[in-house]
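Quick notes on the structure that follows.
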Amino acid sequence: MKFTISNRRQVELANLGPVAQVRAGRLGLRIPQLLVGLWLYGFAMALFVRSGLGLDPWDVFHAGLQHLLGWSFGTVVIVVGFAVLLLWIPLRQWPGLGTVANAVVIGLATDATLAIVPQAADLVTSWGLLLVGLVINGLAGALYIGSQLGPGPRDGLMTGLAKRTGWSLRLVRTGLELSVLAVGWALGGAVGVGTVLYAVLIGPLVQFFLPLVTVRLAVGDQSLVAARRVSAME
């Protein structure tokens, strides 16, 4: 799996199973980085909600379920996260520490932020919340990916489906996101310019931050160091 980052900056993402992820060491750095990244991710999600300019596809789905069920946004995020994890079972996917933390921490952070950040009162504030949220979300995604403690439930579903079906990651991701977007919109989730900007900008933002925050793993067993070298040109 190759990401385009820089011809001068390279980063290795180790291809490790759940147990090997923990055994790879540097947990004193990796676990705090994971938790900070997940909390910032939830913080950014709340900013998107308060901007009123549209949500990313999965959050459109979450917002639609919130309208249907009357639960808090964060509660919906947590419940959907664990529901998606159940879909890993037939795909023979194994969650890592980061996977389980992802399912819980992001929802808690989202609700905590929504409790203190008010809805945008004007267009300038709306755009400010959206743009700040995008940058923070990109950094947050890089932080938790760079901790190398396992993918989030939704990312794991994407990779698991790609492995089982033989379809490309791009096709599987597009199909999943269009599906949850359509269902969420039908249930009343917010779709807008923020949805489009997220789709266009989040990949480049994560790729910009990833080489700056990825924790290098010095694993002694060479069978565990089958790392994916991430490189390319800006």
Side-chain angles (χ1 to χ4, degrees), residues 29-67 69-85 95-120 125-158 176-177 180-181 184 189-192 194-195 197-199 201-203 205-206 208-210 213 215:
L29 172 61
R30 293 165 65 207
I31 290 178
Q33 177 171 313
L34 168 71
L35 296 177
V36 169
L38 294 176
W39 193 269
L40 286 176
Y41 199 97
F43 176 77
M45 283 171 57
L47 297 187
F48 297 149
V49 173
R50 292 304 192 214
S51 78
L53 293 175
L55 306 171
D56 72 87
W58 275 101
D59 284 339
V60 172
F61 179 63
H62 296 146
L65 287 179
Q66 181 187 22
H67 286 302
L69 301 172
W71 299 346
S72 73
F73 194 92
T75 299
V76 173
V77 171
I78 293 170
V79 171
V80 170
F82 280 104
V84 170
L85 276 179
L97 174 63
T99 310
V100 178
N102 185 296
V104 176
V105 175
I106 290 177
L108 296 177
T110 303
D111 272 355
T113 307
L114 288 173
I116 60 175
V117 176
Q119 190 70 31
T125 305
S126 292
W127 275 99
L129 289 174
L130 176 64
L131 295 177
V132 170
L134 278 169
V135 174
I136 293 176
N137 191 270
L139 173 60
L143 283 169
Y144 84 73
I145 292 170
S147 72
Q148 307 207 58
L149 284 167
R154 297 153 189 82
D155 292 332
L157 176 63
M158 174 186 68
L176 280 174
E177 296 205 349
V180 296
L181 178 62
V191 178
T195 309
L197 286 178
Y198 187 94
L201 296 178
I202 197 61
L205 283 168
V206 172
F208 173 79
F209 287 117
L210 191 59
V213 298
V215 180

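Any value given below was found using the heavy atoms of this structure, including those in side chains, with hydrogens, waters and symmetry copies removed.
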As an exercise, state the distance from CZ of Phe208 to CG of Leu201, rounded to the nearest 0.5 Å.
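Taking CZ in Phe208 and CG in Leu201, the distance rounds to 13.5 Å.
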To the nearest 0.5 Å, what is the distance between CD1 (Ile78) and CH2 (Trp71)?
11.0 Å
4.5 Å side-chain heavy-atom contact, [X] and [Y]:
X	Y	result
Phe82	Val104	yes
Asp155	Tyr144	yes
Val49	Leu55	yes
Ile202	Asp56	no
Phe48	Leu134	yes
Leu129	Thr125	yes
Leu205	Asn137	no

Ignoring hydrogens, what is the shortest heavy-atom contact between [X] and [Y]? Give both atom names and the distance.
X	Y	answer
Phe209	Val135	CE1-O, 3.8 Å
Gly98	Leu34	CA-CD2, 3.6 Å
Ala63	Ala190	CB-N, 4.5 Å

Would you call the rings of His62 and Trp58 parallel, tilted or perpendicular, where under 30° means parallel and over 60° means perpendicular?
tilted
Check whether any side-chain N or O of [X] sits under 3.5 Å from a backbone N or O of [Y] as a donor-acceptor pair, and report yes or no.
X	Y	answer
Arg30	Ser147	yes
Gln148	Val215	yes
Gln66	Ser72	no
Thr99	Pro151	yes

Could you go step by step and tell me if Asp111 and Thr75 meet the side-chain contact (heavy atoms from CB on, under 4.5 Å) rule?
CA-CA 8 Å; Asp111 272 355; Thr75 299; 4.0 Å; yes
Side-chain atoms of residues 37-45: list all donor-acceptor pairs with protein atoms under 3.5 Å, sequence neighbours left out, distances to 0.1 Å.
{"unit_1": "Tyr41", "atom_1": "OH", "unit_2": "Tyr198", "atom_2": "OH", "d": "3.2"}

Applying side-chain contact (heavy atoms from CB on, under 4.5 Å), run through Arg154 and Asn102 and close with a yes or a no.
CA-CA 10 Å; Arg154 297 153 189 82; Asn102 185 296; 4.2 Å; yes
